[in-house]
Amino acid sequence: MKVYGPNALRNVAVTGHGGSGKTSLVDALAYVSGSSRRHGRIKDGSTLTDTSPDEIERQHSITLGPAYAEWLDTKINLLDTPGYLEYLGEAVAALSVADAALVVLSSTAGVEVGTEKIWELCDHYHLPRMLVVAAMDKDNADFARVYEDARTHLTPRVVPVEVPVGDGRGFHGIVNLFSGHCHEYKGTRGEYEVVPVPKELEAQVKQYSDQLIEAVAATDDGLIERYLGGEQIPRAEFTAAMKHAVVTGAVVPLFCCSSDLTYGTRTLLKEIVELLPSAAEAPLPPGGDYDAVPLLGRVFKTVSEPHVGDVTYFRLYRGEMRNGEEVWNAEHGVTEKINHLAIPQGRDRVEVERLMPGDIGCVAKLKDTHTGDTFCRRDVPVRLPPIDFPEAVATAALVTKRGEEDKLASALHRLHEEDPSFHFEYNSELGQTLIHGMGERHFETILGRIARRYGVSAELTRPRIAYRETFRARGEGQGKHKKQTGGRGQYGDCWIRIRPLARGEGYRFVDKVVGGVIPNKYIPAVDRGIQESAMRGVLAGHPVVDFEAECFDGSYHDVDSNEMSFKMAGIQAFRNVAPNCRPVLLEPLIEVETWAPEETLGDVMGDLSARRGQILGTDREGRLTRVRSIVPAAELYRYSTALHSITHGRGTHKEKFHGFAEAPPEVTAKVASDSKERAELAHA
Ligand SMILES: Nc1nc2c(ncn2[C@@H]2O[C@H](COP(=O)(O)OP(=O)(O)OP(=O)(O)O)[C@@H](O)[C@H]2O)c(=O)[nH]1
Ligand SMILES: [Mg+2]
């Protein structure tokens with residue numbers, strides 16, 4: 001394999017909404033360039049970057065897939081990303097190491113939610129972009145409409161640089177506005193013949209050309225003067241100005257292609273080389289001054305592969321890396337030996353002796369290196385800021401067979417290191433393992449991997465709810481603990497008053513004992529007893545909160561009293577008094593923000609009401625409407641799945657803990673009876 005230096009490298013994240021044609025395009029580009037030997041197809045499960053069994057089975061991408069295409073003495077690294085929002089973490093990882101993005105638009109659907117989300121992320125990472133309308137050969141493909149859509153919903157700076165000849169099944173050529181040539185496609189490797197521009201397209205070509213030249217000239221004072229003076233701008237000069245406009249984001253060029261037919265792929269390869277920044281030109285990652293750092297690389301993906309073990313993918317920013325060398329992982333403080341240094345092409349790895357700065361490589365069997373880590377030299381340690389993985393939006397509980405809990409935890413741990421967009425915890429209050437991530441589809445993928453790779457089967461269930469209890473009335477009473485069993489006895493006696501506190505105030509203990517009726521040293525024991533008993537609940541076994549307990553009287557025995565006896569007295573007192581203080585159940589409430597298209601709003605709000613949600617308000621955000629609501633946590637299980645189906649995949653949501661509120665009587669009754677059942681089962 002040829003060695004490419006930073007000037008001859010392009011790092012491009014191929015992104016867009018789910019199913020827009022990214023994987024097919026990456027495959028076609030690699031194939032047409034000659035860097036990949038066959039032209040794979042989604043339906044045959046033979047593409048370069050959808051290689052895992054679950055990707056092949058579901059026919060969509062789940063993880064990011066690295067590939068490359070060599071064209072015009074340049075190595076174009078293509079990072080194929082999944083489009084579905086459940087796997088957004090993978091797209092974020094790719095964007096965080098790319099120098100530019102190729103945003104793929106569906107020729108039939110145009111701009112979709114995923115496109116908008118990706119667009120925001122590209123803004124966040126300040127990435128130069130090219131847009132491409134893929135699958136132009138599909139029935140109902142409509143280039144003009146998609147262009148209009150991109151202009152209104154993504155950016156007014158989008159400018160077509162190509163005009164398709166024929167839409168849908170009739171798609172057979174492309175007019176290139178740079179050259180003014182019309183390409184008529186022949187063959188299956190993007191080959192074409194130059195033919196005259198069809199008469200019926202002349203007006204359109206003229207309009208788009210003028211628009212393109214004006215847009216580019218406008219970014220350069222000298223150029224605009226010459227253009228307005230009627231001068232023809234030479235091609236090389238125009239390309240340089242165009243590149244500058246693309247890199248600064250002043251212009252976003254729009255292309256079109258068909259990956260299935262390979263039409264338009266050669267131009268796309270050429271324009272990636274000509275218009276997108278090289279690894280030498282692209283800025284170093286933000287977060288520090290890395291100019292003088294001799295070695296800097298970022299791990300953006302790790303995956304454990306059958307027969308190979310862990311494979312680590314990284315982007316090198318500074319310094320060369322040689323096979324057999326050692327690097328320092330500052331995150332985990334370990335020296336890692338680089339063995340089998342390779343360049344990834346889908347699931348294949350082309351072994352190389354050295355990797356140049358700017359390139360993307362992979363290495364097998366590292367000791368302790370995970371997604372997001374930084375490679376550097378031990379004498380100049382650096383840690384790049386962490387990758388901004390998206391916040392979790394869904395939670396579920398996991399159950400596994402008895403005795404498999406440890407295996408499950410260690411499998412989840414391994415997988416989390418590969419995919420930091422999910423995390424998990426054992427919640428001791430609920431007695432459940434909880435998983436937080438991007439949605440049920442994400443969880444199912446994770447469970448599938450755990451089963452296949454580690455042989456642990458687990459299922460998703462409804463998470464238990466962390467209810468609380470509190471009081472609505474005051475009460476007072478005694479707790480007396482007295483035991484006389486042969487030798488030394490036990491004696492503790494206290495009187496307490498309980499008073500409700502405001503929501504969120506927690507627990508307060510007040511010592512009102514006078515005259516030493518309970519010796520000072522035993523009073524903390526009474527407090528502990530009350531707290532311990534309150535933890536076990538009154539109504540339904542959930543911790544009691546927001547109340548004050550005041551100890552105001554009691555008695556003791558010179559010989560038999562001790563701390564234990566007064567703790568028992570505190571427990572007794574709470575048990576006696578609490579049932580008379582009108583205990584109530586508190587349920588956790590979640591603040592939910594839902595984004596949905598206007599036309600689905602009725603259904604979205606109806607669904608929230610059915611979940612006992614209280615709508616706080618709605619407002620417009622771009623093309624979507626945001627609905628703010630407060631919904632009981634108990635009603636939110638599988639909300640992301642429901643929202644997905646109500647909005648046909650276009651809705652998203654965020655959750656944030658809001659607080660506790662008194663549960664309605666029917667909920668209280670149900671929770672209390674469930675808790676009684678559980679207690680009886682436990683005693684049986
Ligand atoms: N007719 C036609 N179909 C295409 C073309 N490109 C992709 N498709 C089809 O469109 C569907 C989606 O293509 P993918 O390449 O998987 O799209 P993707 O953007 O990678 O999808 P995700 O990974 O799920 O986000 C598949 O059924 C493809 O066969 C094309 O050029 N022409
Ligand atoms: Mg894909």
Side-chain angles (χ1 to χ4, degrees), residues 12-32 36 39-52 54-67 78-95 101-118 121 131-143 146 162 164 166-174 185 188-190 255-268 346-347 438-439 441-442 445 644 649-650:
V12 185
V14 182
T15 58
H17 187 79
S20 52
K22 302 173 290 294
T23 302
S24 304
L25 179 59
V26 167
D27 188 282
L29 293 176
Y31 168 71
V32 166
S36 160
H39 188 186
R41 308 278 172 173
I42 294 286
K43 67 172 177 356
D44 306 331
S46 58
T47 58
L48 201 52
T49 50
D50 278 2
T51 53
S52 68
D54 37 3
E55 290 178 320
I56 291 170
E57 186 196 313
R58 294 169 198 219
Q59 306 212 339
H60 62 240
S61 308
I62 290 173
T63 58
L64 80 91
L78 298 162
L79 298 175
D80 179 25
T81 61
Y84 288 103
L85 292 175
E86 277 92 338
Y87 311 120
L88 191 65
E90 299 283 322
V92 168
L95 291 170
L102 181 59
V103 180
V104 179
L105 297 167
S106 150
S107 62
T108 53
V111 174
E112 297 167 86
V113 229
T115 332
E116 288 177 330
K117 187 82 215 161
I118 286 297
L121 284 169
L131 280 167
V132 57
V133 183
M136 273 307 298
D137 62 300
K138 271 193 185 168
D139 283 338
N140 305 317
D142 188 343
F143 183 79
V146 178
E162 291 185 331
D167 277 346
R169 298 233 177 126
F171 175 58
H172 65 282
I174 297 176
Y185 291 94
T188 56
R189 266 201 130 115
F255 297 84
C256 64
C257 73
S258 160
S259 311
D260 272 12
L261 303 173
T262 69
Y263 297 177
T265 47
R266 287 173 181 240
T267 312
L268 212 47
R347 73 160 4 153
M438 304 304 291
R441 189 153 37 170
H442 188 203
T445 309
H644 195 267
R650 303 184 57 207

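In what follows, every heavy atom counts, from backbone to side chain, and hydrogens, waters and symmetry copies are set aside. Atoms within a ligand are numbered from 1 in the order they appear, just like the ligands themselves.
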Task: For the student: nearest non-hydrogen atoms of R266 and V32, plus distance - done: CG-CG1, 3.8 Å

Residue, atom name and distance, where the atom is the protein heavy atom closest to [atom]:
atom                    : result
atom 22 (P) of ligand 1 : G19 N, 3.5 Å
atom 5 (C) of ligand 1  : A135 CB, 3.5 Å
atom 27 (O) of ligand 1 : I42 CG2, 4.3 Å
atom 15 (O) of ligand 1 : S24 OG, 2.6 Å
atom 31 (O) of ligand 1 : S259 N, 2.9 Å
atom 2 (C) of ligand 1  : D260 OD2, 3.3 Å
atom 23 (O) of ligand 1 : S61 OG, 2.7 Å
atom 18 (P) of ligand 1 : K22 N, 3.4 Å

Task: Interatomic distance, L95 atom CG to L121 atom CG [nearest 0.5 angstrom] - done: 6.0 Å

Open item on the list: For K138, state whether at least one heavy atom is located under 4.0 Å from any atom of ligand 1.
Closed with: yes

Task: Contact check, A134 vs ligand 1, heavy-atom distance below 4.0 Å - done: no

- [ ] Considering only NZ, NE, NH1 and NH2 on the basic side and carboxylate oxygens on the acidic side, decide whether R169 and D137 come within less than 4.0 Å.
- [x] no

Quick one about [Y] and [X] (side-chain donor to acceptor, distance below 3.5 Å, no hydrogens or angles considered), yes or no?
X    : Y   : value
D54  : S52 : yes
S61  : T23 : yes
T47  : D27 : no
T445 : Y87 : yes

Open item on the list: R441: which residues meet the salt bridge (Lys or Arg N to Asp or Glu O under 4.0 Å) condition with it, sequence neighbours left out?
Closed with: E86

Task: Set of salt bridge (Lys or Arg N to Asp or Glu O under 4.0 Å) partners for K138, sequence neighbours left out - done: none

TODO: Apply the test ring-ring contact (aromatic ring centres under 6.0 Å, His included) to residues H60 and Y84: give CA-CA distance (whole Å), side-chain angles for both, the deciding distance (0.1 Å), then the verdict.
DONE: CA-CA 9 Å; H60 62 240; Y84 288 103; 5.1 Å; yes

By number and element, which atoms of ligand 1 are closer than 4.0 Å to a non-hydrogen atom of [X]?
X   : answer
T23 : 15 (O), 18 (P), 20 (O), 23 (O)
Y84 : 24 (O)
G18 : 25 (O)
S20 : 17 (O), 19 (O)

Under 3.5 Å: N/O of [X] near N/O of ligand 1:
X    : value
L25  : no
H60  : no
D80  : no
D137 : yes

TODO: Report yes if the side chains of V111 and L105 come closer than 4.5 Å at any heavy-atom pair, otherwise no.
DONE: yes

Task: I62 and P82, any side-chain heavy atoms less than 4.5 Å apart - done: no

TODO: For H644, check ring-ring contact (aromatic ring centres under 6.0 Å, His included) against everything at least two apart and list the hits.
DONE: none

TODO: Show your reasoning for whether side-chain contact (heavy atoms from CB on, under 4.5 Å) applies to L102 and T15.
DONE: CA-CA 6 Å; L102 181 59; T15 58; over 6 Å; no

TODO: Decide side-chain contact (heavy atoms from CB on, under 4.5 Å) for M136 and F143; before the verdict, give the C-alpha distance in whole Å, the side-chain angles of both, and the deciding distance to 0.1 Å.
DONE: CA-CA 8 Å; M136 273 307 298; F143 183 79; 3.9 Å; yes

- [ ] Identify which protein N/O/S atoms are less than 2.8 Å from the Mg ion (ligand 2).
- [x] T23 OG1, S61 OG

